[in-house]
**Student:** 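Provided herewith is a single structure, encoded as structure tokens, for subsequent inquiry.
We number each residue from 1, following the sequence as shown.
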Amino acid sequence: TGMYAWIAIPAWATATLKGNVMAFAWTLGTVIHAMAYRSDRPIMLAGSLAMPAIYTLSAPAFSPGGYDRPDVLVMLFWIYLFLAAGVFARERNVLIARAKAEYEAGEVARAESEAKGRFLAAMSHELRTPLNAIIGYSQLAREEMEAGEQPDPADMDRIERQARHLLGLINEILDFSKLDAGRLELY
């Protein structure tokens, strides 16, 4: 980037308005180049801009006419651009960090959503199995009672065992839900 500033020195040495405009254009190009390619690394940005700043600010002193009003205005504008480059670099880094954080948050949210989907699929199976057992054994017990028979005590035990298992699963799901919402008190 410092190479660009050398071009500004002969342009200023012409001591003409056209030379000043060309020198300013090259200086501006140097700043834009530095901001675009080095603004993510503040030390590289400062190093890229320091040499062109020195060349550009000292070039009018070596021109035949010395410093005149346009030279001073260009130098002041250069200082402004140098400061703006620093602000640009800081803002760019903030935006990059924010975009990265938002991307990572999106990835975490997608992973959580997938995990909840897998959990719900597994829990669906876990809930249906004891519920189907309860319904099946209840139907057997009803058919036996309708036929005037006593229900098999083993079937009644299975119904109770499966109902307690189902109640335990539902309680765990509710506790998990409370934990996820931050409302479960741990002892």
**Student:** Does Ser138 use its side chain to pair, donor to acceptor, with the backbone of Ile134 at less than 3.5 Å?
**Tutor:** yes

**Student:** Could you state whether Leu167 and Ile135 fall into the same hydrophobic cluster, counting links through intermediate Ile, Leu, Val, Met, Phe, Trp or Tyr residues with side-chain heavy atoms under 4.5 angstrom apart?
**Tutor:** no

**Student:** Measure the spacing between OH of Tyr137 and CD1 of Ile159 and express it to the nearest 0.5 Å.
**Tutor:** 9.0 Å

**Student:** Using side-chain heavy atoms (C-beta onward) and a distance below 4.5 Å, is Leu131 in contact with Arg128?
**Tutor:** no

**Student:** Tell me whether Met156 shares a hydrophobic cluster with Met145, the cluster being built from Ile, Leu, Val, Met, Phe, Trp, Tyr side chains joined at under 4.5 Å.
**Tutor:** no

**Student:** Compare all side-chain heavy atoms of Ile173 with those of Leu127 and state whether any distance is below 4.5 angstrom.
**Tutor:** yes

**Student:** Any side chain to side chain donor-acceptor pair (under 3.5 Å) pairs touching residues 139-154, not counting sequence neighbours?
**Tutor:** none

**Student:** Let me have the donor-acceptor pairs involving side chains of residues 94-105, under 3.5 Å, with sequence neighbours excluded, atom names and distances please.
**Tutor:**
none

**Student:** Can you sort out the partners of Glu160 under salt bridge (Lys or Arg N to Asp or Glu O under 4.0 Å), two or more places apart, ordered by chain and number?
**Tutor:** Arg164

**Student:** Return the CG to CD1 distance between Asp175 and Ile170, rounded to the nearest 0.5 Å.
**Tutor:** 12.0 Å

